[in-house]
Structure formats: C-alpha cells, structure tokens
Amino acid sequence: MTSISLSEQEVIRRNSLLRLRELGIDPYPAAEYPVNCSVSEIHSGFSEELKNFNEVCIAGRLMTQRIMGKASFAELQDSTGRIQLYITRDEICPGEDKTFYNEVFKKLLDIGDIIGVKGYVFITQMGEITVHVQELTLLNKSLRPLPVVKEKDGMTFDAFTDVEQRYRMRYVDLIVNPQNRDVFVKRTKIISTMREMFNEYGFLEVETPILQPIPGGAAARPFITHHNTLDIPLYLRIANELYLKKLIVGGFDGVYEFAKDFRNEGMDRTHNPEFTVLEIYVAFKDYFWMMNFTEKLVERVALALHGSTRVQIGEQEVDFKAPYPRVTMIEAIKTHTGYDISGMDENRLREICDRLGIETNPGMGKGKLIDQIFGEKCEHHYIQPTFIIDYPVEMSPLTKKHRSNPELTERFELMVFGKELANAYSELNDPLDQRERFEEQLRLSEKGDDEAMFIDHDFLRALEFGMPPTSGMGIGIDRLTMFMTNQLSIQDVLFFPQMKPETGKSGTISAADEFSSLGIPEQWSEVLGKLGYSSLARLKEVDKYTRLHQELCGYNKKNKLGLTNPSQDEVKAWLEQLD
RNA sequence: GACUCAGUAGCUCAGCUGGUAGAGCACAUCCCUUUUAAGGAUGGGGUCCUGGGUCCGAAUCCCAGCUGGGUCACCA
C-alpha cells in the first residue's frame, strides 16, 4: 500500500492507521460525538473552589503530546482555543490490557489527529487549567504532519509563515496560526453589523444576477462565459448597480446586496479577480443623506469590532468617529496643487498635468484628467476618513448632475488611509440624460477608452418608467476588512485568494502520471521518476530494456520498497508502448 | 507587463568567495515518569524548484523557465 512518493512521516501515519484498524479501532467513526462545552468556556468558567466542569466532553485536534510513563500531557485545540489534557494509563485503561494507552495513545496517535475526551477539570501543580481525561475517542486520523508552531511569553517559534503555502493551504494556516482566524471572524462581524443596521432601517436584502447578458454598472473588463442552451454569451457581473436600481423603480424603498463582483484585470495587494462589495440604494434620499448614513455605518462597524472608533492601520491611527470632513474635489486639488481647476477645459487641464509632472495621453477626456490629478496629488493625503464630493460629470455616467453646477455631479467617495473605501451618488434618474451619458461613454470607447461602460437598454427602459430620487452607495468589503483588521494585503482577508494553479512539485509527478497512463503500474511510474526519467522523451532514450529492468529492481531492493519486481518482458512491453 | 528578492528535510532556516548536504522543531527506538516553546540518549529522513551551460567537480557561478513575495505600470 505504501507509495514511495510519500514522506517517511506520512508512511508512518498510514501504517498507524492500519494498526488502529487491526486493533478494532475505527479511525473515521460515523457517530455523533456529544460535545458538551468548549475550551473557552472551561477557561473562563472554571473555579477551583466550585469544582465545576466535572463532567466535560470536548473534542478537537491534538496539538502537542508530552508523553511520559504512566502519565502524559497533551493539548487539544477546538474552535475556541487550546486546553491541556492530563492522561493516565490506568484511567483510560481500567482493566489488565494497557494497549490503549501504551500503543494507541503513545504511538498511534499523532499531532493533528482529531479526538474527543471526557473527564473533569482541575488545576495542575504548575497552575494550568487541565482536563483530567477518563475516556478518549479517536474521531479522525490525520495522515499529513502539521507544522508545529510553539509559543512562549508572546514569542513564536517555528511559525508557519510561507505566504504561498498559507494561501494555498488556508486550512493549515487556520489550524496553526490562530491569530489569522481572528481576521476572518472580524470580517463576518463587519458584514453582520452592517446588515443589522440596514435591517433596522427597514431595507430589504436582495439577490441579483451574477450571470449578466450585459456587464453594466461599472467600467471594467469582465469575465465572459457561455450559456449552452440559450447559446448566448454571459458575463460575470462587474457590478450589480443597475439591477438594484431596477428594484427601486419596482417600488422598493431601500435595497441592499452583499455581492461578489468579478473583474478580469490585474491582481495585486489590493485587487483580487473576485471581490465583495456592499451596494445599497435608498429612495427619496440624496447624497447628503447618504454621507450621514455612511459615516454612522462605518463608525458603528469600528465600535462593534474594537469597542472604540480608533483603529490602528499600519503606522497610522485612524479615528472613525463621525462626522467626517467633506471636501469638494476642486478644493482638494487646490489645496494640494495650488491650482484652481474650476471651469477649465481639456487643454488647460492637460497643461496643468504637464506642469505637475503627471503623464497623460490623448485618449484622456476632461474627467479622466481631473481624476488623474486627484489620484496623483491628493488621494494619499486623506488618512483620516474624509468625504471627497462633487466629481466632474465626465467620470460619473450614472450620477445626477449637481443641483447648482452642471459641470459636476452629486457624488462622493469616502477616503480612508489614502484609499477609496466607499463611492456614492445621488442617482441619475433622468432617462434622457442617462441615455446621453451612455452615448458619451460610447464615444469615449470609440476614442480608445476601453474602460467606458456598456449601454444597458433595459435599464434605460426602467428609468423611462420613472425612478424616484434615490441615493446609492457601495463599499468594498475586502478593503474595509483590511482597514478594520490592519491587514495590508487583500489576500489576508480572503480565505482563498486567487492563485496560479499548482502544477505539481516538479516534472516528476506529471511524468509519473504520464507513465501510468501508458499502463505502467503507478508504483513503477514513481520509481522511474525517482530514477531520473523525468519525461516520456527520456524514457524513449533507453536502448536496453534489460538495463532499465535492472535499475528498477535495484532501486526496489536498495530502498526496501517491498514491491514485486516486474519481469523483463513487462519492462520490454512498457518501452515498446512508447513507440 | 517591467524590475527585484526568494525557492534546501513535514515546518522554520543555515550553508552560496564551487570540493562527500547541516541545525532546531517534528518523526522513530530506548531511558525517565506531573510536564509546559525544548526531560535525556541514539537514529532515520533531501530530485538543494525545473531544464540547460561553464567546470575534473555545481545547492553554490551563468542562461532560460516555473511558483511566490515586494515595487512600479495597467487597472478602481
């Protein structure tokens, strides 16, 4: 049964598994295990005087074993924490037969196995709260060795830190790096706090299509797929904005959705191809109302997570206490560049960009140029939460024009730590204006702007039926989580960040797979890999099958694999198949 | 996409002015038997990411590739 591609430790664990079965112990029992409390409940509730917790039943992963003679210590980790176990031979083996302690517990159990124990809680001479085990049940045999991380006085030893492995095997990361679990618990808390507030306001949580015939609502490259029955292309949504507004047209006063969006663009520390956005639309409100709402929301999230509005992000302390300053985009640019760009045309703006040393290209319109100046010269200054308001009309095709200046729109972005956290508008509900804006987008895209939006005719039709004045807002949940948990990489707030697929450890594995697909038995395919035949081509270079036969048998003998040697004819047949 | 750093035992890492592959933890065997990151002794375990080159000889030097990190660009 043993495969030579397994490490020594894996082989030992598989052998332990067989031995457990021999002893009549099911390593993967089906029955429910009746846990009656958690590790953290014991830690917080145990009192030596009360002698409570005298019949606990807990389950979790075995994380350390300190084996001595008749008595041993171990640590068990459940979802709430770790606790020490005290195990004595005669207590878990009351009769004559001490096999369960001497062999099963001491030898056949390993770090990483999932066990359940029953017993009572006491405090050891060293002062540690410990479960005195009276009964131990194996619930799952672990076949791969876990990295062993140790800790003492806040110092961590041999931590499992390789980021690639942590992301690819998040399960291992979560087991051995409990501090990383906390980020994900907080992420869920952020979402539930927001949902709680939306529901208090009476807004309706909804779901809208992820597969869309037109990827609208934002400007980004979509993922494309195909529906076989309808025989049409479908896109994974890049936003859900237009669908939510259609629901406002339909008569709902407030709708929101925590949505996964997908964008087929570059990946870096702050971008993952799929990401989560909260979008909310509220009828009869404007962007001023939405600013008040947003700052209350963000403040509430900070309080729910930290009990304080002050949050450490990198080197900075950010205070999420509402209200936040409101700065128009034109003011912001004036403050940080000295230029007042109000009323400037495209050429003047391009001139300013040149003077500021900002690169431009001819495809950039007025809006894009202003956006560029803001992004280069202003954005990074806004560490504390700040609303930047009144964006130029060219860069906001779904936003209502400003009530007192037709060059601008009623739009705000919430900047935190020099980055955009939220984006909101007084929604454009004039169907004719909306149609013109879409057509302007079309012209931009013809001019070479590949970010310009697609036109959604059904959305225009909906607006023609009439949408009440509405304000909408979107928050990047991944980014919010990064801020609230002080993580600098989006990969650290996603359980399973997108990675290039693993291609096997090396050519050997795939070569072995190729060999075995040709009918060479799996074990011998692996031996061939070990012998350096890393591809079919290499194997084809073998001129004498007798020599290959000898190599194989020699390897088997030398490494004590215990395989049955193939006959010379078999080896000859393998090679003949290659031709 | 460009530049840059890294890839060695299950994990963390050393070795890198080329000369037989190392440590700690983990694992195995034995001793000890109420310990606390680690009790003691002994031992097993490696395609040094892959492929090519230089060389008598490459983990080490050179080239190409793969994967990951960082910076920038693109992108909200």
Side-chain angles (χ1 to χ4, degrees), chain A residues 5-13 15-16 63-75 82 84-89 106-107 110-112 122-128 130 132 142-169 172 176-177 218-221 238-239 261 263-271 273 275 277 359 361 371 374-375 379 395 413 419-421 423 450-451 474 476 479 488-489 491 497 499-511 526 529-535 537-538 559:
Chain A
S5 63
L6 295 176
S7 71
E8 181 193 27
Q9 292 192 44
E10 288 172 295
V11 171
I12 289 166
R13 285 178 182 230
N15 290 339
S16 298
M63 296 306 283
T64 68
Q65 271 179 301
R66 291 185 285 276
I67 292 179
M68 285 155 285
K70 288 176 293 191
S72 297
F73 290 89
E75 275 180 77
R82 280 194 195 192
Q84 178 167 267
L85 305 178
Y86 174 61
I87 294 142
T88 59
R89 184 189 66 193
K106 282 167 73 169
K107 304 205 165 150
D110 293 293
I111 290 173
F122 74 109
I123 295 190
T124 63
Q125 291 175 6
M126 301 298 291
E128 181 158 346
T130 300
H132 188 121
S142 162
L143 295 182
R144 276 180 192 260
L146 222 42
V148 176
V149 180
K150 296 185 176 178
E151 203 189 56
K152 163 90 169 180
D153 301 332
M155 293 262 290
T156 305
F157 301 82
D158 304 318
F160 178 65
T161 51
D162 184 292
V163 283
E164 182 175 358
Q165 298 207 65
R166 282 184 41 231
Y167 299 152
R168 287 196 194 279
M169 298 191 285
V172 174
V176 303
N177 296 325
R221 245 193 307 163
I238 56 174
D261 288 347
R263 297 188 183 177
N264 203 344
E265 291 169 348
M267 296 164 58
D268 60 27
R269 223 173 2 148
T270 56
H271 296 88
F275 58 101
V277 175
E359 280 187 41
N361 64 57
D371 186 35
F374 181 79
E379 199 172 58
M395 47 189 293
E413 289 192 355
K419 311 216 164 61
E420 173 201 338
L421 176 61
N423 181 16
D450 53 4
E451 297 173 40
R479 196 163 281 184
L488 297 177
S489 167
Q491 299 173 110
M499 305 283 278
K500 278 206 185 181
E502 290 177 280
T503 50
K505 258 254 180 296
S506 70
T508 313
I509 305 292
S510 57
E526 287 177 19
K530 291 272 177 189
L531 286 169
Y533 295 101
S534 54
S535 66
R538 295 229 156 185
N559 294 284

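No experiment lies behind these values; they were computed from the predicted model shown. Here is how names work: the chains are called A, B, and so on, in the same order as the sequence lines, proteins then strands, and each is numbered from 1.
Note that CD of Q491(A) and CZ of R166(A) are 9.5 Å apart. Values are rounded to the nearest 0.5 Å. Interatomic distance, H132(A) NE2 to T124(A) OG1, rounded to the nearest 0.5 Å: 12.5 Å.
When each of E8(A) and F275(A) is assigned the nucleotide of RNA chain B bearing its nearest heavy atom, the one mapping closer to the 5' terminus is E8(A). In this structure, E420(A) and G127(A) both approach RNA chain B, and ranking their closest nucleotides by distance from the 5' end singles out G127(A).
Between Q165(A) and C11(B) there is a side-chain N or O to OP1 or OP2 distance below 4.0 Å. Applying the 4.0 Å criterion to OP1 and OP2 of A26(B), one finds that K150(A) has a side-chain N or O inside that range. The side chain of Q65(A) places no N or O atom within less than 4.0 Å of a non-bridging phosphate oxygen (OP1 or OP2) of U35(B). In terms of phosphate contacts, R168(A) brings a side-chain nitrogen or oxygen within less than 4.0 Å of OP1 or OP2 of G68(B). Between K107(A) and C30(B) there is a side-chain N or O to OP1 or OP2 distance below 4.0 Å.
Listed for the R263(A) side chain is a donor-acceptor partner under 3.5 Å among the backbone atoms of I238(A). At least one donor-acceptor pair closer than 3.5 Å links the side chain of R13(A) to the backbone N or O of S142(A). A donor-acceptor contact shorter than 3.5 Å is absent between the side chain of Q65(A) and the backbone of K106(A).
Counting any heavy atom pair closer than 4.0 Å across all strands shown, T270(A) reaches no nucleic acid atom. Across all strands, Q9(A) comes closer than 4.0 Å to base atoms (heavy-atom distances). Residue E379(A) is out of contact with every strand shown, counting any heavy-atom pair closer than 4.0 Å. Residue contacts for F160(A): at a heavy-atom cut-off of 4.0 Å it reaches the sugar-phosphate backbone alone, with no base atom in range. R263(A) comes within 4.0 angstrom of the backbone, heavy atoms only, and of no base.
Spacing between C11(B) and C32(B) at atom C1', rounded to whole Å, works out to 28 Å. Rounded to the nearest Å, the gap between the C1' atom of U17(B) and that of C13(B) is 22 Å. Spacing between C49(B) and G69(B) at atom C1', rounded to whole Å, works out to 16 Å. Spacing of P atoms, C66(B) relative to G51(B), comes out at 15 Å, to the nearest Å. For the C1' atom pair drawn from U34(B) and G46(B), the interatomic distance equals 39 Å after rounding to whole Å. Of the P atoms belonging to G22(B) and C27(B), the separation is 23 Å, rounded to the nearest Å.
At a cut-off of 3.5 angstrom, the base of U34(B) holds no donor-acceptor pair with the side chain of Q125(A). Interface remark: the S72(A) side chain does not form any donor-acceptor pair with the U33(B) base, using a distance-only criterion of under 3.5 Å. The base of U36(B) does not come close enough to the side chain of T64(A) for any donor and acceptor atom to sit less than 3.5 Å apart. In terms of polar N and O atoms assigned as donor or acceptor, the side chain of N423(A) never comes within less than 3.5 Å of the base of A76(B) in a complementary pairing. The base of U35(B) is not paired with the side chain of E128(A) by any donor and acceptor separated by under 3.5 Å.
Put simply, the side chain of R66(A) reaches to within 4.5 Å of the side chain of Q84(A), judged on heavy atoms.
Of all nucleotides listed (A76(B), G69(B), C27(B)), G69(B) comes nearest to the side chain of Y167(A). Side-chain atoms of T124(A) lie closest to U35(B) of the nucleotides U12(B), U35(B), C27(B).
In a base pair of the Watson-Crick type (N1 to N3 plus N6-O4 or O6-N4) or a G-U wobble (N1-O2 and O6-N3), with each distance short of 3.5 Å, C3(B) is matched with G70(B). Using Watson-Crick or G-U wobble geometry with both donor-acceptor distances under 3.5 Å, A76(B) finds no partner in any strand shown. Applying the Watson-Crick and G-U wobble criteria (two distances, each under 3.5 Å), U42(B) pairs with A28(B).
Taking atom CG of residue D371(A) and atom P of nucleotide C75(B), one finds them 10 Å apart after rounding to whole Å. When the C1' atom of C49(B) is taken as reference, atom CG of D162(A) falls 13 Å away, rounded to whole Å. L6(A) has its CG atom 13 Å from the P atom of G46(B), to the nearest Å.
In terms of heavy atoms, I67(A) sits closest to S72(A) at CA-OG, 3.5 Å.
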Taking only N/O atoms, report every protein-nucleotides 71-73 of chain B pair under 3.5 Å with atom names and distance.
unit_1	atom_1	unit_2	atom_2	d
U71(B)	OP1	R269(A)	NH2	2.3
U71(B)	OP2	R269(A)	NE	3.2
U71(B)	OP2	R269(A)	NH2	3.4

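Relative orientation of the Y86(A) and F73(A) rings is tilted, given thresholds of 30° and 60° on the angle between their planes.
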